[in-house]
Each structure stands twice: as C-alpha cells, then as structure tokens.
There are 2 protein chains.
Amino acid sequence: MTDDCPPTTDGKCPVETALELIDGKWKGVALFHLLDKTLRFNEIRRRIPNVTQRVLTRQLRELEQDGLIIRTVYAEVPPRVEYRLSPLGETLRPIIVALWNWGTAYKARQIEESEAA
Amino acid sequence: MTDDCPPTTDGKCPVETALELIDGKWKGVALFHLLDKTLRFNEIRRRIPNVTQRVLTRQLRELEQDGLIIRTVYAEVPPRVEYRLSPLGETLRPIIVALWNWGTAYKARQIEESEAA
DNA sequence: ACGTATAGTGACCGTTTGGATACTAATGGA
DNA sequence: TCCATTAGTATCCAAACGGTCACTATACGT
C-alpha cells in the first residue's frame, strides 16, 4: 500500500502533490490560524511574527490561487480584506492539526533533552 | 486550542517547526518510501523519477542530520548504504500517510473535473 | 580487456525565494 | 492639524535551492 506511488497524470507522488501546495515558508502557519476562524490580513500578520507584509501577501495569494483559501475584499476605507478556508482548504485540517501536534511534541522533547544536560 | 501558537523557545509555531523538517523538494516522498521498509540509495532513487543523485544525497543527509532517518554504510565494494526511518522519523508516519491520502483525493478530484468538461 | 553497478563528491549555474525599504489611498481619532 | 490604520504595490537585493555535468573507487560478469 505504501509502496504505491502511481503516475496518475503528472507522474508525481501524491505526497509531493500535497506538499507542493503548502510549500512556502509561512503557508502552513497561515492555514493553521485560519482553522480557527476568518481573519483579516493584519490579524494573520500579527499572529505570525517575523513575516513581512510583502511576503505574507504573496503566500496568501498563492493559497487563494490554489483554491485553499477564499479572499474577500470589502469596498471600504480603510480597506478590509478577509481570509477564510475554502471547502478544499478545510479538508487540510487533519494534516495541519497533525503537524501542530507533532511539532509540539518535538519541541517538548527538545526541552527535555536540554534540561537533562 | 487552534489559536495557541506559543513562543516556546524559538518563537516558532509548532506547525512551522514540523514543516521545516520535511521542507525540501524530495524529502516527503523519500520518507514516504521509507515507511515501507529499509531501502538502499539507488532503490530510493529509482522510486523517485526526476531526482538527481546529487540532490537526493543532500536531502537524505539533511534528514539524517535532523534525526529522521538512519544511514548505515557497509564497508563493501561496490558500496552499500541503507536508509531507514529512525524512531523519531517513525512518528511522522501519520503525517506522511495523511499527506498521501489527501494528495490522492486531490488528484482524483482533478481528474473528475477534467472529465466533466 | 572492457563495461557496469554502487554511492557518492566537486565545481558551477540559474532561478526562485524570502526579505528590506519605501511608497500609496482615504478615513477616523487626538 | 497631524498621525495612525488599512491592505496593499514597486524596486531592489542576497541567499538558498535545485539541477547539470564531470569525476572517483573497486569488484564482478563477459
């Protein structure tokens, strides 16, 4: 079963296909925050320290183009733009949650190790 | 719960931490093949069309340095090098499997769409 | 005697990526 | 009146990354 990596249409392994869509330094984290609820641009930004406006914009646009999130622009001033998961993006939930759990355990393990020294 | 992205030691979200380790064009796929069984270098290579020797070597070394896989060199000629998941790497199994499942469903959906045209 | 297989390494290159900085518009608050 | 806020865009830069090509050693089969 796990040996099965058939060349469907593009010859790519499904694992590769999936990873391509969340590939981008901040995409995974952005999706994670959107699991919770719809967020405005700056709300996402504030939840991700160290990301620049320029880069976050690009990542969100790519997620939108790939159909994982939905971007809604309200014709107001100052501008209001809301981001939320699309139905397709919603199907990523188990993966994002799994990543969060794994990362959390990994970090905990690291702290244990450093304290054991 | 999903709102929780605490700055543990490095200020990174656990999702980011997890993704960093499997970040690399072929790492996910390589891990996927290793879920099944221990493989020699060229066995992995043959399962991943389009990857070059140079690049695959680098990705595998990084996975080794991050403690996700174990590389065993046998002092033989011609050389024999075996790769297998480490205990830590083994804990990635649910994630890799989830990625495979998701990617498979995604591709199936794409085929449906193209046939509906 | 020759070619093949193994698991690499070294030098180099081009594109992609992320990031720094500065700029925009119109509104609401002090 | 002045400044902050909003969600961007424009320009430019440096580093990272994937990829190409050539090369290595030794044993085995023909």
Side-chain angles (χ1 to χ4, degrees), chain A residues 10-13 15-17 19-34 37-66 68-84, chain B residues 10-13 15-17 19-34 37-66 68-84:
Chain A
D10 49 11
K12 279 177 197 163
C13 172
V15 175
E16 193 187 341
T17 303
L19 281 175
E20 274 179 0
L21 294 176
I22 54 175
D23 176 40
K25 192 164 179 184
W26 309 102
K27 283 187 191 172
V29 196
L31 288 170
F32 169 75
H33 290 295
L34 289 173
K37 59 168 186 243
T38 296
L39 293 174
R40 297 180 59 168
F41 181 81
N42 272 358
E43 286 177 322
I44 300 175
R45 208 187 159 191
R46 278 190 285 267
R47 283 164 216 260
I48 310 179
N50 306 328
V51 75
T52 62
Q53 198 170 28
R54 177 94 166 92
V55 172
L56 182 57
T57 300
R58 282 202 305 229
Q59 308 260 310
L60 291 172
R61 290 294 167 82
E62 285 180 25
L63 288 172
E64 188 201 7
Q65 279 168 23
D66 290 333
L68 298 177
I69 62 174
I70 294 170
R71 178 173 171 267
T72 312
V73 183
Y74 295 89
E76 302 175 2
V77 167
R80 182 160 63 99
V81 180
E82 289 186 349
Y83 293 89
R84 61 192 166 91
Chain B
D10 49 9
K12 280 179 197 161
C13 172
V15 174
E16 193 187 341
T17 303
L19 281 175
E20 274 180 359
L21 295 176
I22 54 176
D23 178 37
K25 192 164 179 183
W26 310 103
K27 283 186 191 173
V29 196
L31 288 170
F32 170 74
H33 290 295
L34 289 173
K37 59 170 186 242
T38 296
L39 293 174
R40 296 182 60 169
F41 180 81
N42 272 359
E43 288 177 321
I44 300 175
R45 208 188 157 190
R46 278 190 285 266
R47 283 165 166 72
I48 311 180
N50 307 328
V51 75
T52 62
Q53 198 170 28
R54 181 90 167 92
V55 172
L56 183 57
T57 300
R58 280 202 304 229
Q59 308 259 311
L60 290 172
R61 289 297 166 83
E62 285 180 26
L63 288 171
E64 189 200 6
Q65 278 168 24
D66 289 333
L68 298 177
I69 63 174
I70 293 170
R71 177 173 172 266
T72 312
V73 183
Y74 295 89
E76 302 175 2
V77 167
R80 181 160 63 100
V81 179
E82 288 186 349
Y83 293 89
R84 61 192 166 90

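Quick note: numbers below take in every heavy atom, side chains included, and nothing from hydrogens, waters or symmetry partners. Computed from a prediction, not measured in an experiment: that's the story for all the values here. Residue numbering restarts at 1 for every chain, and letters A, B, ... go by the order of the sequence lines.
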Within the 4.0 Å heavy-atom criterion, would you say B:Y74 contacts the bases, only the backbone, or no part of the nucleic acid?
nothing

Is there a side-chain contact between B:R46 and the phosphate of C:dA5, meaning an N or O under 4.0 Å from OP1 or OP2?
no

For the residue pair B:V51 and B:Q59, establish whether any side-chain heavy-atom pair is separated by less than 4.5 Å.
no

Separation of C:dA5 atom C1' from B:R45 atom CZ, nearest Å, is 12 Å

For A:E43, the salt bridge (charged side-chain N to carboxylate O under 4.0 Å, His left out) test, sequence neighbours excluded, returns none

Note, DNA chain C 5' to 3' with Watson-Crick or G-U pairs under 3.5 Å encoded as ( ), [ ], | and . gives |||||.||||||||||||||||||.|||||

Where chain B begins and ends its contact with DNA chain D, read 5' to 3' at 4.0 Å from heavy atoms
D:dG18 to D:dA27

A:R54: salt bridge (charged side-chain N to carboxylate O under 4.0 Å, His left out) partners, not counting sequence neighbours:
none

Provide the closest heavy-atom pair for B:G28 versus A:L19 in the form atom of the first, atom of the second, distance.
CA-CD1, 3.7 Å

Is the closest basic N to carboxylate O distance between B:E16 and B:K12 below 4.0 Å?
no

Expected string for nucleotides 14-30 of chain C under the B/S/- scheme (protein heavy atoms, under 4.0 Å, primed atoms plus P, OP1, OP2 as sugar-phosphate) is ----BBB-----BS---

Euclidean distance, B:R84 CZ relative to B:L68 CG, rounded to 0.5 Å
13.5 Å

Using the test salt bridge (charged side-chain N to carboxylate O under 4.0 Å, His left out), find all partners of B:K25 that sit at least two apart in sequence or belong to another chain.
none

Before giving the answer on side chain to side chain contact (heavy atoms under 4.5 Å, CB included), spell out for A:K27 and A:D23 the whole-Å C-alpha distance, their side-chain angles and the decisive distance to 0.1 Å.
CA-CA 7 Å; A:K27 283 187 191 172; A:D23 176 40; 5.8 Å; no

Search all heavy atoms of B:I48 against all heavy atoms of B:W26 and return the closest pair with its distance.
CG2-CE3, 3.4 Å

Could you give the CZ-to-P distance, from B:R40 to C:dG8, as a whole number of Å?
10 Å

Identify the two heavy atoms, one from B:L60 and one from B:A30, that lie closest to each other, and give their separation to 0.1 Å.
CD2-CB, 4.3 Å

